[in-house]
Structures are given as structure tokens and as C-alpha cells.
S.K.: 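Okay, handing you the structure first.
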Amino acid sequence: MRPARLLALLLAALSLCACGSLSRPAFQASDLAGPPPKGLADIRFNASDKDAAVRFGDPARKRALAQRTFDVLALSGGGSNGAYGAGVLVGLTKRGERPEFDIVTGVSTGALTAPFAFLGPSWDDRLTQAYTGKEAGRILKPRGLGVLFHPSFYSSAALRQLVDAYVTDDMLQAIVAEHRRGRRLLIATTNLDTEETVIWDMGAIASRGDDASKELFKRVLVASTSIPGVFPPTLIQIEGKGRELSEMHVDGGVTIPFFVAPESLLLWTAAKNSARPGRMYVIVNGKVDGSFGFTKGGALSIVGRSWDAMSKALMRTHLAASYGFARRNGGQLFYSAIPDSADADTSGLDFDAKNRAALFQLGRERAEAGWAWALPDDPNGPSDVPPAVPAPPAISGK
């Protein structure tokens, strides 16, 4: 499905869903004033809150003091293109160059990949199945005439079933064990009420160990993956001033395509003699560079093409900002993206089994061959031939 068709789908969803809505009690900004809602201060923060961002990252930085650097994996959104990123991770394992990352972050489909990536190569089989198995092929489940009474074109039932199938008790226990070692698994959602990126510490959520925390863990994953208009928003209950409120959360990619650091820290410089960013790997589940495509004169073609251009420009801008953050702090940033010459459908909404398998295989082959990576200032970018940038070496001792 090309960008213009994606836009047409979203516009259709918006028009058809004009009668449908998600009911919840109204509240004002004043209801959110004051300290963080009860029970949330230790498991999430707004990306615009610099002090909180530093505080949440402290355990990973302290853990990294021995080697003086901490290493980050950031996974972007991209819908079905997440199969590419899954393939890259499996390819890194096959090549023997899969680091143990101190921090793993995920946005949208990257949020679904992130727990597997965080737990390492022993979870590759489950990661592969999650992106190439039958369950993923059922994610886009149309509502039929029910769309008239709901705020999205598709139901999130199959998405929730996918999350339920893979977020098991043993996964949560493994995440808790790594969290206690100082490693961090962070997932972004977009709070539509505040128009802010919210970053959730998934290890802190899992560490609570009760049924409510398990449910919240799953809801955050579903929320981060819920493209507005395509899937319904996720309501997350919080305690406001004297009453319970329902926050509305959607796809983290609405406000941020990926993150190696929260937006409030992209201009931050690490203090002298403190642990600094080491290698930062960004997996972009999509294409980055602009490419020629004759634009027809219809409104959908024009707006769809504009949307595509805007999304790629935002990705390039965020890559450049993240690259500057890494260099300013003495680190390195590499990224992997789907090359422009790829034959697979990269719209992000093609969950056909053959397309997912092709994207997975593309990512795996490029990573295993050692030429999946590029630098943001490399004029050639990702390609189908080995780039001038050598593959990042394995990180010893981790």
C-alpha cells in the first residue's frame, strides 16, 4: 500500500468514524497540575522533562562506568516494515556482532521488537515468529459496518492477541532480571491530551510483578503501535485531583520517529568523567531518502506524496540531531534503513506473509553480510552494495 493509499485509508476512516467516538469523562489541564499521577512517577516521564530523563537513565550510565560508555539500540516505527528490523537483529546474531545494549528504545512497531531485542539472541526464534508468523498477518482486521460506531478503521483485537501471545510471564521475568542489572527498556507513546511524548520504563513496570502491571505493560505496547485512525487509541487510567482520569495514548511515532535520547536531552552534553554514549544503533523500519515518483494532479496523490516527503524529512532531521548528540558526547551513531531499491512493499500496512518474509530476509542478509549500516552524513546512505562505512565492531566484554 503506497502513501497515497494509506492517506486515503486514513481519510476514509476519519470520515466514516465521524459518528463513532471513544467515550470518557472530560477533564482540564488543571486536573493534571502538580506532582506526577500516583503510581506513575517511577515508571514513566515526559520526553520534554530533562531532569526526569536524566534520572531514568542514571542506572544504565552507572552500570557503564567501568567501560566509560553506554550503548543504545533505537528501533523506529514502520508497521509491517518492522520485519526488516527483526531481520537485522537476527543477522547481527548470525554474524556474531550483536552487542548487549545498555538501553533499548522502541517506537510503534519498534515497541513490539524492543523486548526481544532487549533480551538478546536467545529470543531470536520468538522474534522471528512474531514478525513472520500467522498472527502478524491478522493484525489489520476490518470492522466492516462497525467502523461507523468506532474511532478507527481497524479493530485492535488481533494486535492485542499478538501482544498477549508473546508477552509471557517468562518474558516479564527476564526483563525484570535485566532491569535489576541496570539495563533499561524504554517505550514511547503519544499522549493526545497533552500532545507530548511519554516514555515508559518497561522494566520498572514489569518489576511490580502483579496482574495490573502485566496489563499496563501490554497496554503500553498496544498504545505505542496504534496508528491514529487505523487502530483505536488506548486509554490509560491515572489518578488526577481527587478522581480517576483516562489518558488517551496513540502511536509514539506521532511525535517522535525513534529516540536514542529523549528530545530534552538531544542538546545535552555529558559531564566530565561521567559515562558517555558509546555506540548508538538506529534501525529505521522504512526508507529514508527521497525518491522520484510522478505525482498525479488529484488531491489524494498530492497530499499523500507530501505526507511521504514530510515523514522522510522528519526521519532525516531526527537522524541528524541524534548524530550530533552522539558526536558531541564522543559516541558513534550508525543507522540501518530499507534501501530505496528494495522490491518489497514498504508502506508499512502490507502484512501479507510474503511481504513480511521478504523484508525480514532483506534485513537479515544485509546485517549478516556486514553492510547493513551507514552514517547519517554518508551521501550514499543504505544501499544494496557494501558501503564505505565498515560494520560497527562487536562490543567486547558485554
S.K.: With distance as the sole test, does Arg183 use its side chain to make a donor-acceptor pair with the main-chain N or O of Phe118 at under 3.5 Å?
M.R.: yes
S.K.: Indicate whether any N or O donor in one side chain lies under 3.5 Å from an N or O acceptor in the other, for Tyr131 and Thr113.
M.R.: yes
S.K.: Can you confirm whether Ile283 sits close enough to Leu89 that some side-chain heavy atom of one is under 4.5 Å from a side-chain heavy atom of the other?
M.R.: yes
S.K.: If the threshold is 4.0 Å, N to carboxylate O, is there a salt bridge linking Asp124 and Arg364?
M.R.: no
S.K.: Does a sphere of radius 6.0 Å around CG in Asp343 hold more than 12 heavy atoms from other residues, nucleotides or ligands, not counting ones at 6.0 Å or beyond?
M.R.: no
S.K.: Is any side-chain N of the basic residue among Asp42 and Arg55 closer than 4.0 Å to the acidic one's carboxylate O?
M.R.: no
S.K.: Could you tell me whether Arg98 and Glu368 have a side-chain N and a carboxylate O separated by less than 4.0 Å?
M.R.: no
S.K.: Keeping Lys312 on the side-chain end and Asp289 on the backbone end, is there a donor-acceptor pair under 3.5 Å?
M.R.: yes
S.K.: Counting only heavy atoms not in Lys218, do more than 12 sit closer than 6.0 Å to its NZ atom?
M.R.: yes
S.K.: Is the shortest side-chain N to carboxylate O distance from Arg160 to Asp164 below 4.0 Å?
M.R.: yes
S.K.: May I ask you to decide if Val288's main-chain N or O and Arg316's side chain share a donor-acceptor pair within less than 3.5 Å?
M.R.: yes
S.K.: Does the side chain of Thr346 come under 3.5 Å of the side chain of Asn81 through a donor N or O and an acceptor N or O?
M.R.: no
S.K.: Can a donor-acceptor pair be found, under 3.5 Å and without considering hydrogens, that links the side chain of Arg356 to the backbone of Gly133?
M.R.: yes
S.K.: Please test Leu216 against Ile43 for side-chain contact (heavy atoms from CB on, under 4.5 Å), starting from the C-alpha separation and ending with a verdict.
M.R.: CA-CA 11 Å; Leu216 179 59; Ile43 61 173; 3.7 Å; yes
S.K.: Decide, yes or no, whether a salt bridge links Asp49 with Arg44 under the criterion of side-chain N to carboxylate O below 4.0 Å.
M.R.: no
S.K.: So, the side chain of Ser336 versus the backbone of Ala372: is there a donor-acceptor pair under 3.5 Å, distance only?
M.R.: yes
S.K.: Can you tell me which residue among Ile236, Asn46, Val198, Thr255 is in a side-chain contact (heavy atoms from CB on, under 4.5 Å) with Asn191?
M.R.: Val198
S.K.: Would you find a donor on one side and an acceptor on the other, under 3.5 Å apart, between the side chain of Asp193 and the backbone of Glu247?
M.R.: no
S.K.: Strictly below 4.0 Å, N to O, side chains only: are Arg181 and Glu100 in salt-bridge contact?
M.R.: yes
S.K.: A quick test of your reading: do over 12 heavy atoms of other residues, nucleotides or ligands sit less than 6.0 Å from CZ of Arg24?
M.R.: yes
S.K.: Just checking, any donor-acceptor pair under 3.5 angstrom between side chains of Ser80 and Asp350?
M.R.: no
S.K.: So, Thr234 versus Arg219: side-chain donor-acceptor pair below 3.5 Å or not?
M.R.: no
S.K.: Hey, is the main chain of Gly252 close enough, under 3.5 Å, to the side chain of Thr189 for a donor-acceptor pair?
M.R.: no
S.K.: With a distance cut-off below 6.0 Å to the six-membered ring centre and an angular limit of 45° from the axis, does Arg184 pair with Phe56 as a cation-pi contact?
M.R.: no
S.K.: Are Thr128 and Asp125 linked by a side-chain donor-acceptor pair shorter than 3.5 Å?
M.R.: no
S.K.: Crowded around Asp170 CG? As in, over 12 foreign heavy atoms under 6.0 Å?
M.R.: yes
S.K.: Scan Tyr335, Trp373, Phe258 and name whichever one has a ring pair (Phe, Tyr, Trp, His ring centres under 6.0 Å) with Tyr281.
M.R.: Trp373
S.K.: With no hydrogens and no angle check, do the side chains of Ser48 and Glu263 hold a donor and an acceptor under 3.5 Å apart?
M.R.: no
